[in-house]
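Here the structure comes first, spelled out in structure tokens, and everything after it is commentary.
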Amino acid sequence: MQGQALPGFRDFYPGDAALRNQIFGVWRDVAARYGFEEYDGPPLEPLELYTEKSGDEIVGQLYEFEDKGGRRVALRPEMTPTLARMVAARAPALKKPIRWFSMPQLFRYERQQRGRLREHFQLNMDLIGEPGPLADAEIAAAAVDVVRTLGFGPEVVRLRISDRRVVAGLLGHAGVPDGMLSLAYGAIDKIERDPPGVLADRLVAGGLSAAIADRVLAVGRLRGQDALDAALAEVPDGADIAEDLSACVGALADMGLGGFVDLDLSIVRGLAYYTGVVFELFDAGRSLRAICGGGRYDGLLRALGGVDLPAVGFGMGDVVLGELITGAAPAGARAAPLDAFLVAVGSDDVSHVLALAHRLRDAGRRVEYALKAQGLGKQLKLAAARGARRAVIVGPDERARGEVVVRDLTDGGEQQIAVERIEDALANV
RNA sequence: GUGGCUGUAGCUCAAGUGGUUAGAGCGCCGGACUGUGGCUCCGGAGGCUGCGGGUUCAAGUCCCGUCAGCCACCCCA
């Protein structure tokens, strides 16, 4: 075997491309229904766009090199810096809130695993300029509606949602100093992966007492509104810090999406820049990686682009979503069937088939015909294999009468149709 | 970047402890079938057994390296 795609990169054969187009179609459909406008930026960006604010550790995962002009450049690993630049450049002229989405191909030089490649397409939906919880709910609802539109219900997909302000408040009450919040987040983020003893040891090693470490893990185990309310009741201004999260969850319930929502304080998200509501979309069986992740990142636009606008958004990759779809329907997406397969009975009929085929294609019909002289049976076999709904048979006898035979390939019925009415005959399903 | 497992036809997989010409199903091509498809039957093509080296009379099989895939870590999209 020679000549294959680079590790972590994909060849899209027709079946794969069909799946990708299905995903893209749903993404665009949902974005449009939420009033989002599409934007895009360059796949290649200056290296500094990612190193200056995102942290140097990202550089190790960048496809970066020097171009022929001596510039340090990188394939984009995420869309947010580009978005920040574009928004900042025209922020004064843009009506707020800004609803923008994009479907960039992103690149990251990492060792690939299932559901995680070196390249993927990612739906980014961002709502900029609105700090309130209805904006958070709007974004989370859009993420849920993508999987709903694909036919998945709450028994298949779960939205796990939390709020960093709530977690921070509870941790502060538990005795975690501000400087150790990220340490605590790290432990909470791993709460379902690592055993409690390991996590507690890590927290103690980081400088927390054993008692506080236990309380940190207890915060991470909070699930559901009742448990959260009970925990917040012990914090002086507990109700206030959870106001936005409660409002967001309530809004999702008003939308009829409450069945998808799991309040889950173990969701903190790895990225440091999230400041409020955070959420992830998972398959209910938890056999896949996260389908989507997002949250509120007030402050990031100021750091990246210089304009101080609140923002909330999510990213949803095509890889895990594709696995969810193919896992649910192993049959997979089929290529669009033909409206008709044109059959020439004899060699004299070929030129008539060519003329008719072009007429039908101009009329928007999807048609195909045999590209070499073959027997009638052979051509019908090809028609069936191609998934054509009908065969249009052109032979000397019919031509003499100005007609063609339209054969329905699903039930075998045939009828004679005048050539000039063939477009109409193929139009009705 | 670290560690473990796995690489046989386009796909899914076979080939007891090394043994002579690496097989099957599906798919593909052709024929039965030059004015009627799906089914059936018959035939055919398709393999440097991922690649390179080593051990051996003999390697798909054992050893080393390398590349790729999967899994875990790391990191997260």
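For the numbers below, each heavy atom of this structure counts, side chains included, while hydrogens, waters and symmetry mates do not. Letters A, B, ... mirror the listed sequences (proteins, then strands); counts begin at 1.
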Counting the atoms with a prime plus P, OP1 and OP2 as sugar-phosphate, which does [X] contact under 4.0 Å by heavy atoms, base, sugar-phosphate, or nothing?
| X | value |
| --- | --- |
| A:Gln122 | sugar-phosphate |
| A:Leu117 | base |
| A:Arg118 | nothing |
| A:Gly412 | base |
| A:Glu119 | nothing |
| A:Gly294 | nothing |
| A:Ile393 | base |
| A:Leu409 | base |
| A:Glu414 | base |

Query - Given B:G37, B:C74, B:G35, the nucleotide with the shortest approach to the side chain of A:Arg407 - result: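 Nucleotide nearest to A:Arg407's side chain: B:G37.
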Requested in this report: Take the angle between the ring planes of A:Tyr34 and A:Phe36 and call it parallel below 30°, perpendicular above 60°, tilted in between.
Outcome: perpendicular
Output yes when at least one side-chain N/O atom of [X] is less than 4.0 Å from OP1 or OP2 of [N], else no.
| X | N | value |
| --- | --- | --- |
| A:Gln113 | B:A72 | yes |
| A:Lys372 | B:G30 | yes |
| A:Arg111 | B:A72 | no |
| A:Lys378 | B:G37 | no |

Report task. Verify the ring-centre separation between A:Phe101 and A:Tyr39: is it less than 6.0 angstrom? Result ->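 Centroid separation for A:Tyr39 and A:Phe101: 6.0 Å or greater.
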Query raised in the report: With a 3.5 Å cut-off and just heavy-atom distances, do the side chain of A:Gln374 and the base of B:U34 make a donor-acceptor pair?
Result: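 No, the side chain and the base share no sub-3.5 Å donor-acceptor pair.
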Query raised in the report: What is the distance, rounded to the nearest whole Å, between atom NZ of A:Lys190 and atom C1' of B:C74?
Result: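 It is 9 Å, rounded to the nearest whole Å.
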Query raised in the report: Start at the 5' end of RNA chain B and walk down; is the nucleotide closest to A:Tyr274 or to A:Arg114 reached first?
Result: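 Counting from the 5' end, the first nearest nucleotide belongs to A:Arg114.
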